[in-house]
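Here is the structure we will look at, set down as structure tokens.
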Amino acid sequence: MSKSFSAFGLAVGAVVLTCLPAAAQTKVTNEGISASEIVVGTHQDLSGPIKGWGVPVSNGMKMAVEEINAAGGVNGRKIRLVVEDSGYDPKKAVLASQKLIERDKIFAMVGPMGSPTVLAAQDILLDAGVLQLFPLTAAEFTFKFDPAKPQERLKFNNLLPYVESTRAALKYMMEWKNFKKPCIMHQDDEYGKNVLDGFNQQLTAMKVQPASTTSYKRGASDFSAQVAKMKSDGCDLVVLGAVLREPIGAMTEAKKLGWDVTFLGATPTNVMEVPMLGKEAVEGLYAASGFEIPYEDTAKGKVKDWLVNYKKMFGTDANTQAIIGYNAMMTFAFYAQKAGKDLTGQKMLDSLESGEKFLDIFNSPPTKFSKTDHLANTITQVQQVKGGRWVLVKDNLMF
């Protein structure tokens, strides 16, 4: 804490302090709060390799903001969302975060996109006292924090974590299908490492040796070498630490080789675009999941209305990513509302750690945080592509 801060005390837009059990102090910004609005920021991939995630996520967030503001805002304050394009590039994510903090004076970063990009910018946020809320990555660094490092307390995640969900889905598949030679193809970054960790941890617990481990560079499009290696190694189950295009590419390559093997994707694989774009190539693909994907022709009630309204607003069908973006902003608004009319960083942090439950309209597991656990839940599903859409295979899985 600076001498000038000590001398002049708390002022509008300054930093407030809150106490941790070990007497360490966490600074939380009050920037972005005025009598009429709350400014929040996000960085998304709107132009890079996972724009199929970033565009609908940002759309879902915008839709939520419009609904919240139309209903009177958060205790009378309207939310102003500032969206920056990272292109799924860590350097651009850093620049975007600096701009959001220094120029836009954001109160919180909500739903930023991607493991490598969120990791690159995370310390910039925490050092500025900006809350990092519900990022679009389930990597462990986004919710695990060391009490001896007080700024890490500003991290909260409401997504199913990669390590735990991979372990749960892999355990289920191994026991259900009696696989003997599992292998993994993972993205060569923080996200892929988390899936690899879950894979290795579960196989160690089951006393099974992996038949093959191979990786690919982020943004790669040719997986012929990886698939040929796994086929040569005799794999009977392929775990994919992949996102959207890569599962399609890997399964297409396997079919070219006449290799009939079972594929299991990590949670980012469980999106509508995979069966929509992959078509016959991805029939039979399994994936870990946090909630059932709704389809407009079978949805009911509030979910049906939401899907119809999204399509009217953006001219395209809503998908998993849009739901996640929408929920990120709705979750922020829920806890900001609970923080009260006299909103401050301190009160927002207290609200997040209060144990209050947020329930969405999509029947997802409840979001709930405490002072010691900033991860919402670890309940995993397994879904499978059948007839060009995802269907539930197994629910309520734990490793």
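In what follows, every heavy atom counts, from backbone to side chain, and hydrogens, waters and symmetry copies are set aside.
Using a cutoff of 4.0 Å between basic side-chain nitrogens and carboxylate oxygens, Lys181 and Asp236 are not scored as salt-bridged. A salt bridge links Arg389 with Asp297: at least one charged nitrogen is closer than 4.0 Å to a carboxylate oxygen. A salt bridge between Asp197 and Lys193 is present, with a side-chain N of the basic residue lying under 4.0 Å from a carboxylate O of the acidic one. The residues Lys62 and Glu66 are annotated as not salt-bridged, no charged nitrogen and carboxylate oxygen being separated by less than 4.0 angstrom. Looking at Arg153 and Glu353, a side-chain N of the basic residue comes within less than 4.0 Å of a carboxylate O on the acidic one, giving a salt bridge.
With hydrogens and angles disregarded, a donor-acceptor distance shorter than 3.5 Å links the side chain of Ser58 to the backbone of Gly54. Formation of a donor-acceptor pair under 3.5 Å by the Lys394 side chain with backbone atoms of Gln381 is not found in this model. Side chain of Thr42 to backbone of Val110: a donor-acceptor contact under 3.5 angstrom is found. Without hydrogens or angle criteria, Thr26 side chain to Pro150 main chain gives a donor-acceptor distance under 3.5 Å. Distance alone, capped at 3.5 Å, places no donor-acceptor pair between the Ser351 side chain and the Met348 backbone. Judged purely by atom type and a 3.5 angstrom limit, Gln151 uses its side chain to pair as donor or acceptor with the backbone of Lys27. Between the side chain of Trp53 and the backbone N or O of Gln321, no donor-acceptor pair lies under 3.5 Å. Proximity of a side-chain donor or acceptor of Lys155 to a complementary backbone N or O of Lys144 within less than 3.5 Å is detected. The closest donor-acceptor contact from the side chain of Asn158 to the backbone of Ala328 lies at 3.5 Å or more, if one exists at all. No donor-acceptor distance shorter than 3.5 angstrom exists from the side chain of Asn270 to the backbone of Ala266, with no hydrogens or angles considered.
The side-chain heavy atoms of Phe156 and Phe143, taken from C-beta on, include no pair separated by under 4.5 Å. At a threshold of 4.5 Å between non-hydrogen side-chain atoms, the residues Val208 and Phe179 do not count as touching. A heavy-atom distance below 4.5 Å is not found between the side chains of Leu133 and Met109. Under the 4.5 Å side-chain criterion, counting only non-hydrogen atoms from C-beta, Val28 is in contact with Leu154. At a threshold of 4.5 Å between non-hydrogen side-chain atoms, the residues Lys338 and Ser354 do not count as touching. Side-chain contact between Leu95 and Gln98 is present, with at least one heavy-atom pair separated by less than 4.5 Å. Contact annotation: the side chain of Pro135 approaches that of Asn157 to within less than 4.5 Å [non-hydrogen atoms, C-beta and beyond]. Side-chain contact between Val94 and Ile124: present, with at least one pair of heavy atoms (C-beta onward) separated by less than 4.5 Å.
For Asp146, the CG atom is densely surrounded, since the number of other residues' heavy atoms within 6.0 Å is greater than 12. No more than 12 heavy-atom neighbours from other residues, nucleotides or ligands sit within 6.0 angstrom of CD on Gln209. Enclosure of atom CD in Glu280 is not indicated, since only 12 or fewer non-hydrogen atoms of other residues, nucleotides or ligands lie within 6.0 angstrom.
Gln383 and Ser289 share a side-chain donor-acceptor pair at under 3.5 Å. For the 3.5 Å distance criterion, the side chains of Ser47 and Asp85 qualify, holding a donor opposite an acceptor. Side-chain contact of Asn309 with Lys311: a donor-acceptor pair under 3.5 Å is absent, judged by distance alone. For the residue pair Asn327/Thr331, the side-chain donor-acceptor check at 3.5 Å is not satisfied. Lys229 and Ser212 share a side-chain donor-acceptor pair at under 3.5 Å. Checked by atom type, the side-chain pair Gln226/Tyr216 shows no donor-acceptor distance below 3.5 Å. Between the side chains of Gln337 and Asn75, a donor-acceptor pair is found at a separation under 3.5 Å. At a cut-off of 3.5 Å, with distance as the only test, no side-chain donor of Tyr162 or Glu140 sits close to an acceptor on the other residue. In the model, Thr344 has no side-chain atom that pairs as donor or acceptor with a side-chain atom of Asn30 under 3.5 Å.
For Trp306 and Phe362, the ring centers are positioned less than 6.0 Å apart.
Atom OG1 of Thr252 and atom NZ of Lys279 lie 11.0 Å apart (nearest 0.5 Å). Here the straight-line distance linking atom NE2 of His43 with atom OH of Tyr88 works out to 11.5 Å at 0.5 Å rounding. How far CG of Leu170 is from OG of Ser165: 11.0 Å, rounded to the nearest 0.5 Å. Put simply, CG on Leu352 and NZ on Lys347 are 14.5 Å apart, with the number rounded to the nearest 0.5 Å. In this structure, CE on Met61 lies 9.5 Å from CD1 on Ile79, to the nearest 0.5 angstrom. A distance of 7.5 Å separates NZ in Lys180 from CE in Met174, rounded to the nearest 0.5 Å.
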Note to self: Test side chain to side chain contact (heavy atoms under 4.5 Å, CB included) on Lys78 and Ile38; report intermediate values, then the result.
What the structure shows: CA-CA 6 Å; Lys78 301 295 179 70; Ile38 306 169; over 6 Å; no
Checklist line | Verdict with supporting geometry, Ile68 and Met330, side chain to side chain contact (heavy atoms under 4.5 Å, CB included) | finding: CA-CA 8 Å; Ile68 293 161; Met330 283 297 188; 3.9 Å; yes
Note to self: Gln44 vs Glu84, test: side chain to side chain donor-acceptor pair (under 3.5 Å). Steps then yes/no.
What the structure shows: CA-CA 6 Å; Gln44 303 293 329; Glu84 293 292 329; over 6 Å; no
Checklist line | CA sep, side-chain torsions, deciding dist, call: Thr137, Leu159, side chain to side chain contact (heavy atoms under 4.5 Å, CB included) | finding: CA-CA 7 Å; Thr137 164; Leu159 293 184; over 6 Å; no
Item checked: CA sep, side-chain torsions, deciding dist, call: Val82, Lys99, side chain to side chain contact (heavy atoms under 4.5 Å, CB included) -> CA-CA 10 Å; Val82 185; Lys99 183 257 183 185; 3.9 Å; yes
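Each of Val239, Asp188, Val163, Thr213 was checked for a side chain to side chain contact (heavy atoms under 4.5 Å, CB included) with Leu196, and the lone residue meeting it is Thr213. Checking each of His374, Gln122, Glu152 against Gln132 for a side-chain hydrogen bond (donor to acceptor under 3.5 Å, both in side chains) leaves exactly one that passes, namely Gln122.
With Phe199 as the aromatic partner, Arg167 does not meet the cation-pi criteria of under 6.0 angstrom to the ring centre and within 45 degrees of the ring axis.
Closest heavy-atom contact between Ile106 and Gly41: CG2-N, 3.6 Å. Closest non-hydrogen pair, Thr267 versus Leu160, comes out as CG2-CD2, 3.9 Å. Nearest heavy-atom pair across Pro161 and Leu375 is CG-CD2, 3.7 Å.
Here Ile379 sits in one hydrophobic cluster together with Met398; the rule is ILVMFWY side chains under 4.5 Å apart, joined directly or through other members.
In this structure, Tyr335 and Phe369 have tilted ring planes: the angle between them lies in the 30° to 60° band. The aromatic rings of Phe263 and Trp259 lie perpendicular to each other, with more than 60° between the two planes, well past the 30° mark.
Taking Ala169 as the reference, Leu264, Ala288, Val382 meet the side-chain contact (heavy atoms from CB on, under 4.5 Å) condition, with sequence neighbours excluded.
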